[in-house]
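In what follows, chains carry the letters A, B, and so on, assigned in the order in which the sequence lines appear, proteins first and then strands, with residues in each chain numbered from 1.
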There are 2 protein chains.
Amino acid sequence: MIYFPRDRITIRERELSSLAFRILQTEDRARRGEFVTAHGTVQTPVFMNVATRAAIKGGVSAEDLERVHCQVALCNTYHLHLRPGSEIVREMGGLHGFMTWDHPILTDSGGFQLYSLAKLRKITEEGVSFSSHIDGRKFFMSPEESIRIQSNLGSDIAMAFDECVEIPSPHDYVEAACERTSRWLARCCDELDRLREKGSAVNQGQVLFGINQGATFRDLRLKHMEQIAKLDLPGYAVGGLAVGETTEEMYEVLDYLTPAMPQDKPRYLMGVGTPENIVEGVYRGIDFFDCVMPARNGRHARLYTSFGSINLKNEKFLRDERPIEEGCDCPVCKRYSRAYLRHLFKAEEILALRFGVLHNLWYYNHLMEDIRSAIEMGQFARFREEFYRKRENVDR
Amino acid sequence: MIYFPRDRITIRERELSSLAFRILQTEDRARRGEFVTAHGTVQTPVFMNVATRAAIKGGVSAEDLERVHCQVALCNTYHLHLRPGSEIVREMGGLHGFMTWDHPILTDSGGFQLYSLAKLRKITEEGVSFSSHIDGRKFFMSPEESIRIQSNLGSDIAMAFDECVEIPSPHDYVEAACERTSRWLARCCDELDRLREKGSAVNQGQVLFGINQGATFRDLRLKHMEQIAKLDLPGYAVGGLAVGETTEEMYEVLDYLTPAMPQDKPRYLMGVGTPENIVEGVYRGIDFFDCVMPARNGRHARLYTSFGSINLKNEKFLRDERPIEEGCDCPVCKRYSRAYLRHLFKAEEILALRFGVLHNLWYYNHLMEDIRSAIEMGQFARFREEFYRKRENVDR
């Protein structure tokens with residue numbers, strides 16, 4: 001028996017792994033599923049809301065996340081390792097206790113931030129040495145270290161520590177990175193097993209997802225997927241996309257990759273993307289998504305609607321008494337006018353950022369609800385058509 | 001008959017003025033009262049929450065203000081005149097409609113901001129010409145213009161357009177400024193009457209408070225008070241304090257001034273102050289307060305408790321699982337730890353600002369609730385002693 005925090009679930013570990021993901025309905029390659037975690041069940045397809053440093057940028061709190069129907073918060077190993085440090089978070093009851101979010105949490109491994117943020121990065125077989133982007137302090141991150149940090153953070157889903165490569169990169173280099181990512185994945189699994197056996201983890205129900213790499217090389221993507229699928233992990237992610245390739249190249253990777261991914265495990269397309277990307281990802285069999293885009297755009301007055309996005313700073317909204325989108329039930333649209341929101345953005349009030357982020361996260365989470373309903377009713381193909389048709393309307 | 005927005009109150013104008021302020025209880029000079037406005041009754045003594053540009057700085061929304069028990073929002077004529085312009089606010093239903101705050105609103109006249117913010121200020125009998133602190137655009141503000149703007153904003157309480165002087169300033173200069181402020185007050189009254197008779201105001205129930213000036217000169221303060229009291233306005237403010245004089249000088253002004261103010265009208269001490277200042281103001285017969293301090297301090301991690309303030313950035317809170325103040329019922333203390341809040345401040349998350357402001361506004365509003373209860377029970381003297389006694393405790 002393993003014990004899950006907060007007396008919520010007590011279940012044999014073996015059972016957990018076999019029960020964890022259940023596909024309820026499919027329509028062509030799109031899947032409607034449920035993923036059980038130590039902090040509740042996730043309805044998929046799902047968009048995870050990015051709370052980088054244990055908070056959503058823009059002044060959005062844990063209770064706000066509940067209000068915008070967030071299912072999974074995604075936090076950042078790299079950022080939390082630098083500040084406040086994972087030991088502090090562990091002492092405060094892990095991320096669930098620290099940020100008072102009693103729902104599922106996924107932590108990334110830090111691999112992507114080492115690629116995108118860290119300075120003076122040096123990669124060896126052992127791991128990655130780097131300097132903090134905040135103050136230049138020197139750190140070393142290995143697969144074991146990443147797992148130990150994520151164990152301290154106590155997320156429900158930990159991500160494997162991988163090597164993310166630029167697109168384009170030479171075939172040889174990408175192949176070597178894939179091989180290393182496979183060896184690192186085995187080390188991640190060993191470390192998680194060791195911590196679990198020791199019984200010292202904040203969240204004994206924490207599971208590990210593997211990450212597929214291979215840039216846009218079909219042979220490497222498929223070979224790497226085959227390698228990591230053998231580990232029979234509770235979930236698999238597609239990493240290293242949305243880093244420079246075209247949208248068409250990304251869809252092409254998904255076209256050949258998802259059929260080669262385990263059918264009975266959730267599939268997570270990391271760091272993606274626009275509403276269009278998400279609809280296309282679901283269409284190609286993806287179950288989990290995350291992206292900073294809705295929050296970042298929200299902070300810059302770019303707001304999502306089913307007719308496409310609008311820029312609230314535009315002069316034409318000066319006297320617009322309508323909400324961002326008519327009929328939207330989000331906490332912002334239910335109370336405030338475009339004219340007021342535009343004023344807040346122009347006056348550079350922090351409240352503008354908060355409202356922008358709240359609306360956009362609601363939009364994304366609500367889009368996923370619509371997608372799930374559509375698949376349940378066997379109407380996803382129609383939903384997809386309708387989704388694009390609405391966007392042809394240019395008068396917003 | 002005059003008509004109040006939102007069908008809430010229909011009352012003859014004369015009755016309104018006589019009914020507007022009711023003193024329920026006194027204890028020495030401290031008063032427990034009620035002030036009726038077109039958007040509801042204000043329980044006094046009251047601390048008004050400063051929403052400068054139709055929003056509280058720090059990402060705090062109208063519903064947040066309701067959650068922290070704000071009674072009156074104070075908005076800024078100068079800032080809203082520059083951006084978005086009062087005509088826009090008027091078209092959106094005045095400030096109540098624009099910011100969706102269906103409770104009392106007070107607007108200041110812009111006089112203080114011309115003194116503290118505007119550039120190239122030039123004062124004549126007609127009014128003040130100045131350049132915007134935002135983009136240098138040239139503006140002219142007169143008593144009439146200030147009232148027209150406030151009428152467009154539709155506040156429940158408009159403030160007279162006054163000339164605020166530096167402390168110290170020569171007696172002659174202050175005397176001339178007082179005389180001008182009296183003449184400007186008469187012009188404000190005339191303009192408000194004109195607009196009311198025209199029937200075109202957004203808020204036909206808007207009333208005007210006069211402002212007493214005179215720096216720290218006893219003779220000028222008393223003479224000016226005598227002049228403006230003759231106008232029998234619905235309320236009187238003490239302006240031009242907390243601008244450079246010592247706390248003792250401020251208390252001394254209140255000591256001789258409040259007995260000379262109309263007993264049956266509310267008294268508003270503008271821009272004041274610390275919790276201690278407020279307790280001392282109430283003790284000296286003040287009914288209304290406002291100050292940017294709780295919000296500004298909240299954004300800088302300085303949080304109020306009944307034991308004094310704490311700086312949450314302090315290292316000692318790194319692992320502190322307690323709320324900001326044990327027993328505090330504010331939305332922040334009910335859910336989050338000092339350790340988490342400290343992390344948010346150190347990581348410069350906007351959420352930190354929001355939480356800091358929410359807690360501090362709650363603290364101030366709750367302090368006023370305690371003060372009101374104390375006066376009701378004839379226990380204000382004891383409350384005041386206890387208030388200081390708690391602050392002697394140094395271990396927070």
Return the minimal non-hydrogen interatomic distance between B:Y336 and A:M99, and the atom names on each side.
CE2-O, 3.8 Å
Hey, what do you get for CD1 (A:I56) to CD1 (B:I350), rounding to the nearest 0.5 Å?
12.5 Å
Does atom NE2 (A:H133) have a neighbourhood of more than 12 heavy atoms from anything else shown, all under 6.0 Å?
yes
Report yes if some heavy atom in the side chain of B:H343 is under 4.5 Å from a heavy atom in the side chain of A:V89; otherwise report no.
no
Is A:I88 in contact with chain B via its backbone, its side chain, both, or neither, using a 4.5 Å heavy-atom distance?
side chain
Looking only at heavy atoms, the pair that brings B:Y340 and A:F98 closest together is CG-O, 3.1 Å
With rounding to the nearest 0.5 Å, note down the distance linking NZ in B:K346 to CD1 in A:I134.
11.0 Å
Given heavy-atom pairs under 4.5 angstrom as the criterion, report whether the side chain, backbone, both or neither of B:L80 touches chain A.
side chain
Check whether A:A62 gets within reach of chain B through its side chain, its backbone, both or neither, counting any heavy atom under 4.5 Å.
both
Counting heavy-atom pairs under 4.5 Å with chain A, the top scorer among B:E63, B:K57, B:R335, B:H79 is B:R335
Greatest number of heavy atom pairs closer than 4.5 Å to chain B - which of A:L344, A:T52, A:V60
A:V60
Looking at CG of B:L318 and CE of A:M92, how far apart are the two atoms once the value is rounded to the nearest 0.5 Å?
7.0 Å
Option that, when pairs with chain B are counted at under 4.5 Å, heavy atom only, ranks first among A:S337, A:A339, A:A347
A:A347
Within-4.5 Å side-chain heavy-atom neighbours: A:D64 and B:R354
yes
Honestly, the part of A:L341 sitting under 4.5 Å from a heavy atom of chain B is neither
